[in-house]
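Written out below as structure tokens is the structure these notes cover.
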Amino acid sequence: MKQEVLTEAMEGDRSIVYQRKFEKVNEIINRLGKSRSALIPILQEVQEEYRYLPEEILTYIAMAMGLAPASVFGVATFYAQFSLEPKGKYVIKICDGTACHVRGSDPVKEAIKKRVNLTGNKKTTEDLRYTVETVSCLGACGLAPVVMINDQIYGQMTPEAINVILDQLEKGEAEDE
Amino acid sequence: MEQKNTVLIDNQVVELNGEKNILELTRKIGIELPTFCYHSELSLYGACRMCVVEIEGRGIMASCSTPPTPGMKILTNSPRVQRVRRTVLELLLANHERECTTCDRNGSCKLQELANRFGVKKIRFGERDIKLPLDQSSPSIVRDPNKCILCGDCVRMCSEVQGIGALDFTGRGSKATVAPAFNKQLSEVECVNCGQCSAVCPTGALVVKDETDKAWAAINNPEKMVVVQVAPAVRVALGEEFGLPAGEIVTGKVVSALKRLGFDKVFDTCITADLTVIEETNEFISRLQQGEKLPQFTSCCPAWVKFAEHNEAEFLKNLSSCRSPQQMFGSLIKKHWAADLGKKPEDIIVVSIMPCTAKKFEASLPHFSTDGVQDVDLVLTTQELARMIREAGLVFEQLDIESFDTPFGFTSGAGVLFGATGGVAEAVLRAAHEFVTGEPIDQINFEEVRGFKHLKEAKVEIAGQEIKVAVVHGLGNAKALLNKIKEGKADYHIIEVMACPGGCIGGAGQPISPSMETKKKRAKGIYNADKLSQLRKSQDNPVVTKFYDQWLEKPNSEQAHEALHTAYANRGRIIGEDIQLLTSKQPDKVDIAVCVGTCCYLKGSYDTLKKFMTQADEAKVREKINLHATFCLEGCEQSPSIKVNNEIINGVTPDQAETVFKEKILTKLKED
């Protein structure tokens with residue numbers, strides 16, 4: 001019984017979040033305008049809200065801007081910065097540019113994937129906590145190999161070091177709660 | 001002083017005359033540079049790189065997107081050009097599924113033709129390792145992304161000429177494809193089945209759905225009587241498939257071929273085109289007299305009808321309620337002719353030969369049926385008929401000519417005109433004056449509505465009133481005209497719309513030929529066929545008069561409405577998920593969908609939605625409500641629409657949101 005009540009309360013919270021995000025989408029469209037050139041900034045801001053671009057929101061944007069949904073989808077799939085899949089709370093980018101690669105980015109990636117329990121081509125964990133992806137260059141070659149977690153850069157990574165960082169991340173999160 | 005307004009092409013002096021690009025210039029001097037993505041009616045894209053030339057001092061350039069400047073020295077077939085061209089072809093072929101023998105476009109494929117022309121014998125690169133799924137969802141078009149070479153012709157055709165944009169590029173680099181939004185199937189998006197994408201596709205990536213097997217099965221079924229109807233535009237284009245010039249009228253041979261293929265009766269769609277003229281003109285006159293639902297739009301083109309159902313909700317009432325000639329034919333056969341023969345609708349199979357891919361979709365619509373049997377069972381395009389003739393080994397040029405069977409065999413010239421843009425308008429003009437005044441009109445030919453101008457206009461005086469007629473072809477042109485009407489900048493009484501450039505003669509089911517010249521020749525054929533007709537006006541067709549006497553009583557009668565008319569409904573543009581805002585788990589919840597589709601959104605449905613959310617908070621009923629934004633409730637004319645449980649409520653403007661919430665939603669919660 002207690003379980004049931006809890007779920008309902010959580011549903012309520014989720015509704016508030018959905019509602020707030022959708023209001024934000026409308027605010028973004030109104031603020032940036034409906035010209036074609038506003039599409040990319042709109043998609044960027046909307047992605048900030050949802051952490052990805054949900055299909056129904058893209059349809060909504062297309063409709064509101066008077067564009068064909070196929071064109072909006074085309075733009076959203078062209079740029080690597082946009083994601084049509086939900087991303088984790090922590091987006092971990094492992095640089096695999098030349099410098100990072102030769103200095104051992106691969107073992108770092110494997111260590112992260114093992115720790116968060118990701119196998120094969122999957123990029124995001126089931127619980128939507130972590131997304132792990134490789135990028136071509138983060139522009140910090142002097143610190144190679146480099147890992148970026150959300151907006152934070154971590155240089156000279158090793159499998160051991162990244163584990164310590166993830167330990168701290170999880171510890172910090174537990175304290176917040 | 002030597003340098004005048006000339007360039008040097010392959011050491012030949014060529015004068016410049018305002019050509020926009022080098023490609024145009026080379027074509028003028030009889031050099032045919034290869035292209036995939038260059039079409040004069042579409043914007044410049046410069047993607048395929050087949051038209052490369054070598055320009056002194058500048059190197060290898062794409063001729064389609066390089067303007068000529070005086071003094072340029074251009075080589076079109078230098079060793080470097082040859083090498084680059086072959087490599088480009090090789091790369092395109094490496095990315096293309098080369099199952100040529102089983103491809104629908106075997107023999108009419110531009111890629112195949114150019115590979116042959118430039119002697120590409122070996123591909124040095126590996127094949128693509130991922131096979132993408134076929135899209136066979138559309139009744140008209142099959143999309144095979146494995147054969148796509150990313151020239152973008154279909155993308156530009158759909159958005160620039162047709163004003164739709166159902167297809168676009170997705171992804172990037174090696175993963176790029178051309179696909180509908182969200183990689184959905186064609187049948188799930190706003191595609192109107194006009195097939196113009198397949199008409200410009202240089203490969204087999206977009207092809208007309210082949211249903212010849214079904215036709216053979218029907219012919220070989222001894223229990224069924226198989227009747228076939230032939231659309232006007234087919235008779236001026238089929239010959240092209242067998243080496244005859246475009247526009248040559250081959251009606252007699254078409255009839256003969258169909259009989260030899262084994263069809264029991266061969267009839268002419270033009271006769272129901274005549275019937276359409278009579279019904280549509282009478283409908284127009286009654287609207288004119290009552291001064292309502294004007295302008296009246298023609299409704300013969302199923303791609304235009306679907307376009308209007310998706311995008312032009314406010315004009316749906318303006319569409320003529322007449323079914324297209326194809327559907328009138330099917331309906332008369334299944335409802336009346338069958339009964340006269342003592343047969344049931346299911347005993348007869350109606351096959352159509354059409355220039356059109358959208359007709360396949362139209363025939364499949366559930367409301368075009370009699371006692372649960374489709375009125376038209378199968379639609380074949382001109383291309384498919386040619387395939388059947390070839391399969392049967394009939395030598396087209398040696399075929400005798402034969403005439404159509406009775407009773408659906410005698411047509412007026414006006415009925416034939418339906419094949420070209422402006423034809424329906426002209427046929428109606430030949431009738432309207434007579435219907436109003438009782439006096440036949442002297443004028444037969446209405447040159448103003450002929451030809452290939454994007455928008456054609458004519459004015460006719462009927463009983464002292466000036467009737468303004470507009471004709472558009474290409475849905476992009478239709479969209480532009482509708483916008484002008486909405487802004488109050490244009491005003492007509494009757495508007496003919498055909499989806500394909502040139503009208504039905506330019507349909508996507510016709511023999512593949514992207515050139516405008518071919519279409520013009522076909523149109524000439526149509527006007528010649530009209531000239532050769534004994535009778536020029538639909539109302540003079542004695543067989544049509546007999547149909548009224550026998551089956552339909554009089555124009556626009558109850559019987560005529562039952563058999564020849566239809567109704568239209570809004571269609572959502574995309575089948576997709578709703579945006580969930582409030583989710584309730586309670587069993588007695590109220591489900592509210594607020595439409596945010598184009599019409600509703602423009603009338604402020606987002607504000608309605610927002611007010612609902614505020615109201616839900618104020619009344620403290622958030623957890624009892626399922627609230628979602630949806631993309632079409634198909635009530636566009638009375639937008640904004642909402643749906644409460646299963647009841648659709650229209651006209652819920654932001655001002656009324658509060659009242660509606662209290663009266664329609666809160667009361668429901670209290671009831672429960």
Side-chain angles (χ1 to χ4, degrees), chain A residues 3-30 34 36 39 46 49-50 52-85 121 136, chain B residues 155 158-159 163-173 175-184 189-191 572-586 595-602 605-607 609-610 612-614 616-617 622-623 625-632:
Chain A
Q3 186 76 32
E4 182 75 46
V5 175
L6 202 75
T7 348
E8 258 178 44
M10 277 166 69
E11 282 296 339
D13 284 350
R14 198 180 296 175
S15 286
I16 291 170
V17 172
Y18 284 160
Q19 187 182 330
R20 196 188 55 78
K21 285 183 176 172
F22 186 59
E23 280 174 25
K24 194 74 201 288
V25 170
N26 283 278
E27 186 270 314
I28 292 166
I29 298 171
N30 286 335
K34 291 174 184 176
R36 277 182 92 86
L39 180 60
V46 169
E49 283 303 309
Y50 287 85
Y52 77 114
L53 295 170
E55 181 181 314
E56 61 276 17
I57 298 295
L58 286 177
T59 309
Y60 184 77
I61 293 170
M63 197 275 317
M65 297 180 73
L67 297 171
S71 308
V72 174
F73 180 67
V75 172
T77 53
F78 183 82
Y79 294 100
Q81 60 172 312
F82 296 127
S83 172
L84 277 82
E85 301 286 323
N121 287 329
S136 294
Chain B
V155 173
C158 193
S159 65
I164 300 169
L167 290 168
D168 211 326
F169 287 101
T170 71
R172 167 182 201 161
K175 294 194 178 72
T177 57
V178 167
F182 312 112
N183 288 318
K184 284 180 186 295
V189 297
E190 69 270 47
C191 168
R573 279 170 63 190
I574 188 163
I575 297 174
E577 279 173 39
D578 291 356
I579 303 170
Q580 292 297 338
L581 294 165
L582 300 178
T583 16
S584 167
K585 282 267 167 74
Q586 297 197 1
C595 180
V596 290
T598 313
C599 279
C600 293
Y601 181 81
L602 291 174
S605 64
Y606 171 68
D607 292 324
L609 189 63
K610 217 171 153 188
F612 281 177
M613 294 191 274
T614 326
D617 280 338
R622 280 181 72 96
E623 33 328 307
I625 286 176
N626 239 2
L627 182 65
H628 43 113
T630 191
F631 289 103
C632 194

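None of these values were measured; they are calculated from a predicted model. Chain A is the first sequence line, chain B the second, and so forth, proteins listed ahead of strands; every chain is numbered from 1.
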B/Lys610 side, atom NZ; A/Phe22 side, atom CZ - distance, nearest 0.5 Å: 10.5 Å

Gap between atom CE of B/Met613 and atom CD of A/Glu23 - 0.5 Å precision: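 Answer for the CD-CE pair, A/Glu23 versus B/Met613, is 4.5 Å.
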
Against chain B, work out which of [options] has the most heavy-atom pairs shorter than 4.5 Å and name it.
| options | value |
| --- | --- |
| A/Pro54, A/Ser71, A/Gly66 | A/Ser71 |
| A/Ala62, A/Gly74, A/Ala68, A/Pro69 | A/Pro69 |
| A/Val75, A/Thr59, A/Leu84 | A/Thr59 |

Note, [X] side chain near [Y] side chain (heavy atom, < 4.5 Å):
| X | Y | answer |
| --- | --- | --- |
| B/Leu627 | A/Gln19 | no |
| A/Glu55 | B/Glu577 | no |
| A/Tyr18 | B/Ile579 | no |

Parallel, tilted or perpendicular: ring planes of B/Phe631 versus A/Tyr60, cut at 30 and 60 degrees: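 Ring orientation of B/Phe631 relative to A/Tyr60: tilted.
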
Checking heavy atoms, do the side chain of [X], its backbone, both or neither come under 4.5 Å from chain A?
| X | answer |
| --- | --- |
| B/Lys184 | side chain |
| B/Phe182 | both |
| B/Leu167 | backbone |

Non-hydrogen atoms of B/Pro180 and A/Ala70 that approach each other most closely: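 Taking every non-hydrogen atom into account, C-CB, 4.3 Å.
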
side-chain contact (heavy atoms from CB on, under 4.5 Å) assessment of A/Phe73 paired with B/Asn183: CA-CA 9 Å; A/Phe73 180 67; B/Asn183 288 318; 3.7 Å; yes

A/Glu27 CD: over 12 foreign heavy atoms closer than 6.0 Å: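 Result for CD/A/Glu27: enclosed.
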
Top of B/Leu581, B/Val596, B/Leu582 for chain A proximity - count of heavy-atom pairs under 4.5 angstrom: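 Heavy-atom pairs under 4.5 Å are most numerous for B/Leu581.
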
Verdict with supporting geometry, B/Arg622 and A/Ile16, side-chain contact (heavy atoms from CB on, under 4.5 Å): CA-CA 10 Å; B/Arg622 280 181 72 96; A/Ile16 291 170; 3.1 Å; yes

